[in-house]
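What follows is a single structure, written as C-alpha coordinates, with notes after it.
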Amino acid sequence: MKVLIINGPNLNLLGTRKPLVYGQKSLKEVNEFVEGYFKKVDLVFFQSNHEGEIIDKIHEADSEFDGIVLNAGAFTHYSYAIRDAIEAISKPVIEVHISNVAVREEFRHKSVIGDVVVGSIVGLGIYGYVLAVQALAHQHRRK
Ligand code: DQA
(Lines give C-alpha, C1' and ligand atoms only; values in the text may rest on other atoms or scores of the structure.)
Protein backbone atom coordinates (compact mmCIF):
# COMPACT_ATOMS: atom_id res chain seq x y z
CA MET A 1 0.00 0.00 0.00
CA LYS A 2 1.22 3.45 -0.94
CA VAL A 3 0.26 6.64 0.90
CA LEU A 4 1.18 10.20 0.05
CA ILE A 5 1.51 12.68 2.93
CA ILE A 6 1.12 16.26 1.76
CA ASN A 7 1.99 19.21 3.95
CA GLY A 8 0.95 22.64 2.77
CA PRO A 9 2.14 26.20 3.34
CA ASN A 10 4.43 27.11 6.23
CA LEU A 11 4.67 23.52 7.44
CA ASN A 12 8.26 23.51 6.17
CA LEU A 13 8.86 25.76 9.20
CA LEU A 14 7.83 23.15 11.76
CA GLY A 15 10.19 23.20 14.74
CA THR A 16 10.67 26.94 14.65
CA ARG A 17 7.13 28.16 13.86
CA LYS A 18 5.06 28.56 17.03
CA PRO A 19 6.57 25.52 18.80
CA LEU A 20 3.99 25.77 21.59
CA VAL A 21 1.28 25.16 18.99
CA TYR A 22 3.01 22.91 16.46
CA GLY A 23 5.73 21.23 18.53
CA GLN A 24 9.52 21.21 18.48
CA LYS A 25 10.14 18.75 15.68
CA SER A 26 11.20 19.85 12.20
CA LEU A 27 9.20 18.57 9.22
CA LYS A 28 11.97 16.05 8.51
CA GLU A 29 11.74 14.79 12.11
CA VAL A 30 7.96 14.63 11.91
CA ASN A 31 8.20 12.56 8.73
CA GLU A 32 10.72 10.22 10.39
CA PHE A 33 8.41 9.92 13.41
CA VAL A 34 5.52 8.85 11.16
CA GLU A 35 7.71 6.49 9.13
CA GLY A 36 8.78 4.75 12.35
CA TYR A 37 5.24 3.43 12.82
CA PHE A 38 4.96 1.65 9.49
CA LYS A 39 6.85 -1.23 7.95
CA LYS A 40 4.35 -2.35 5.37
CA VAL A 41 3.06 1.00 4.15
CA ASP A 42 5.08 2.75 1.49
CA LEU A 43 5.06 6.42 2.58
CA VAL A 44 5.98 9.32 0.32
CA PHE A 45 6.26 12.86 1.71
CA PHE A 46 5.62 16.12 -0.13
CA GLN A 47 5.57 19.71 1.09
CA SER A 48 4.76 22.84 -0.84
CA ASN A 49 3.88 26.44 -0.11
CA HIS A 50 2.13 26.71 -3.49
CA GLU A 51 -1.52 25.93 -4.07
CA GLY A 52 -1.05 24.81 -7.69
CA GLU A 53 1.75 22.40 -6.78
CA ILE A 54 -0.45 20.81 -4.14
CA ILE A 55 -3.28 20.48 -6.67
CA ASP A 56 -0.92 18.89 -9.25
CA LYS A 57 0.27 16.42 -6.61
CA ILE A 58 -3.31 15.48 -5.66
CA HIS A 59 -4.08 14.81 -9.36
CA GLU A 60 -0.93 12.69 -9.82
CA ALA A 61 -1.60 10.75 -6.64
CA ASP A 62 -4.89 9.44 -8.00
CA SER A 63 -3.05 6.92 -10.20
CA GLU A 64 0.06 6.40 -8.03
CA PHE A 65 -1.22 6.10 -4.46
CA ASP A 66 -3.91 4.29 -2.48
CA GLY A 67 -4.66 7.31 -0.34
CA ILE A 68 -3.55 10.78 0.73
CA VAL A 69 -3.00 12.37 4.14
CA LEU A 70 -3.33 16.12 3.72
CA ASN A 71 -2.45 18.96 6.06
CA ALA A 72 -3.34 21.83 3.75
CA GLY A 73 -2.31 24.46 6.34
CA ALA A 74 -4.19 27.74 5.88
CA PHE A 75 -5.44 26.61 2.43
CA THR A 76 -7.82 24.42 4.43
CA HIS A 77 -9.84 27.47 5.31
CA TYR A 78 -10.36 28.98 1.85
CA SER A 79 -9.00 26.97 -1.08
CA TYR A 80 -11.93 25.86 -3.20
CA ALA A 81 -9.36 24.78 -5.80
CA ILE A 82 -7.85 22.21 -3.42
CA ARG A 83 -11.36 21.17 -2.44
CA ASP A 84 -12.25 20.61 -6.11
CA ALA A 85 -9.03 18.59 -6.65
CA ILE A 86 -9.93 16.27 -3.74
CA GLU A 87 -13.45 15.91 -5.11
CA ALA A 88 -12.11 15.14 -8.59
CA ILE A 89 -10.02 12.11 -7.61
CA SER A 90 -11.18 8.68 -6.57
CA LYS A 91 -8.67 7.94 -3.81
CA PRO A 92 -9.47 8.62 -0.13
CA VAL A 93 -8.05 11.77 1.46
CA ILE A 94 -7.77 12.29 5.22
CA GLU A 95 -7.40 15.82 6.57
CA VAL A 96 -4.94 16.38 9.42
CA HIS A 97 -4.27 19.41 11.59
CA ILE A 98 -1.58 19.33 14.22
CA SER A 99 -3.27 21.97 16.36
CA ASN A 100 -6.84 21.99 17.60
CA VAL A 101 -8.19 24.49 15.09
CA ALA A 102 -11.56 24.56 16.90
CA VAL A 103 -10.09 26.47 19.84
CA ARG A 104 -8.02 28.89 17.78
CA GLU A 105 -8.94 32.00 15.74
CA GLU A 106 -12.41 32.04 14.19
CA PHE A 107 -11.07 31.83 10.61
CA ARG A 108 -9.54 28.42 11.44
CA HIS A 109 -12.87 26.94 12.48
CA LYS A 110 -14.02 26.55 8.88
CA SER A 111 -12.60 23.83 6.66
CA VAL A 112 -13.70 24.05 3.04
CA ILE A 113 -12.36 20.52 2.47
CA GLY A 114 -14.07 18.93 5.48
CA ASP A 115 -16.97 17.46 3.51
CA VAL A 116 -14.92 16.05 0.62
CA VAL A 117 -12.41 14.14 2.75
CA VAL A 118 -13.20 10.76 4.31
CA GLY A 119 -12.37 12.10 7.75
CA SER A 120 -10.46 14.70 9.74
CA ILE A 121 -8.02 14.42 12.64
CA VAL A 122 -7.37 17.62 14.56
CA GLY A 123 -5.57 18.64 17.70
CA LEU A 124 -3.65 15.42 18.35
CA GLY A 125 -0.28 16.85 17.36
CA ILE A 126 1.93 15.02 14.90
CA TYR A 127 0.41 11.71 16.04
CA GLY A 128 -2.54 12.74 13.86
CA TYR A 129 -0.48 11.82 10.77
CA VAL A 130 0.09 8.33 12.19
CA LEU A 131 -3.62 7.88 12.93
CA ALA A 132 -4.53 9.04 9.42
CA VAL A 133 -2.17 6.50 7.77
CA GLN A 134 -3.53 3.77 10.06
CA ALA A 135 -7.09 4.65 9.06
CA LEU A 136 -6.21 4.49 5.36
CA ALA A 137 -4.43 1.16 5.84
CA HIS A 138 -7.43 -0.21 7.72
CA GLN A 139 -9.84 0.82 4.96
CA HIS A 140 -7.50 -0.57 2.30
CA ARG A 141 -7.38 -4.00 4.01
CA ARG A 142 -11.16 -4.16 4.18
CA LYS A 143 -11.56 -3.66 0.41
C1 DQA B 1 -2.70 23.74 10.63
C2 DQA B 1 -3.78 24.71 11.10
C3 DQA B 1 -3.98 25.82 10.09
O4 DQA B 1 -4.99 26.72 10.55
C5 DQA B 1 -2.70 26.60 9.90
O6 DQA B 1 -2.87 27.59 8.92
C7 DQA B 1 -1.54 25.73 9.58
C8 DQA B 1 -1.39 24.48 10.32
C9 DQA B 1 -2.38 22.66 11.69
O10 DQA B 1 -1.71 21.69 11.33
O11 DQA B 1 -2.76 22.80 12.85
O12 DQA B 1 -0.66 26.09 8.80
O13 DQA B 1 -3.15 23.08 9.47
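One-based numbering, in listed order, for ligands and for the atoms of each.
At least one N/O-N/O distance between I98 and ligand 1 falls below 3.5 Å. Not one N or O of V96 is nearer than 3.5 Å to an N or O of ligand 1, by distance alone.
In the candidate list H77, K18, R104, R17, H77 is nearest to atom 4 (O) of ligand 1, counting heavy atoms.
Nearest protein heavy-atom neighbour of atom 1 (C) of ligand 1: H97 ND1, 3.7 Å. The closest protein non-hydrogen atom to atom 5 (C) of ligand 1 is R108 NH1, 3.2 Å. For atom 11 (O) of ligand 1, the closest non-hydrogen atom on the protein side is S99 OG, 2.6 Å.
For the ligand labelled ligand 1, residue V101 lies inside the 4.0 Å heavy-atom shell. Taking 4.0 Å as the cut-off, Y22 counts as a neighbour of ligand 1 on heavy-atom distance.
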- Begin with the C-alpha distance, continue with both residues' side-chain angles, and end with the deciding distance and a verdict on side-chain contact (heavy atoms from CB on, under 4.5 Å) for I68 and I6. CA-CA 7 Å; I68 302 175; I6 301 178; 3.9 Å; yes
- Message: Quick one, M1 with K40, criterion side-chain contact (heavy atoms from CB on, under 4.5 Å). Give me CA distance, side-chain angles, the key distance, then yes/no.
- Response: CA-CA 7 Å; M1 177 191 196; K40 293 183 188 154; over 6 Å; no
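A distance of 12.0 Å separates CD in E87 from CD1 in I58, rounded to the nearest 0.5 Å. For the atom pair F65 CZ and K2 NZ, the distance stands at 4.5 Å (nearest 0.5 Å).
Inspection of the T76 and E95 side chains reveals no N or O donor paired with an N or O acceptor under 3.5 Å.
The two residues L11 and Q47 come nearest to each other via the heavy atoms N-NE2, 4.2 Å.
Set against the non-hydrogen atoms of A74, the atoms of ligand 1 under 4.0 Å away are 5 (C), 6 (O), 12 (O). Proximity to N71 (heavy-atom distance under 4.0 Å) selects the following atoms of ligand 1: 1 (C), 9 (C), 10 (O), 13 (O).
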Could you pull out all donor-acceptor pairs under 3.5 Å where a side-chain atom in residues 27-34 meets a protein atom, sequence neighbours excluded?
| from | atom 1 | to | atom 2 | distance (Å) |
| --- | --- | --- | --- | --- |
| K28 | NZ | E32 | OE2 | 3.0 |
| E29 | OE1 | S26 | N | 2.9 |

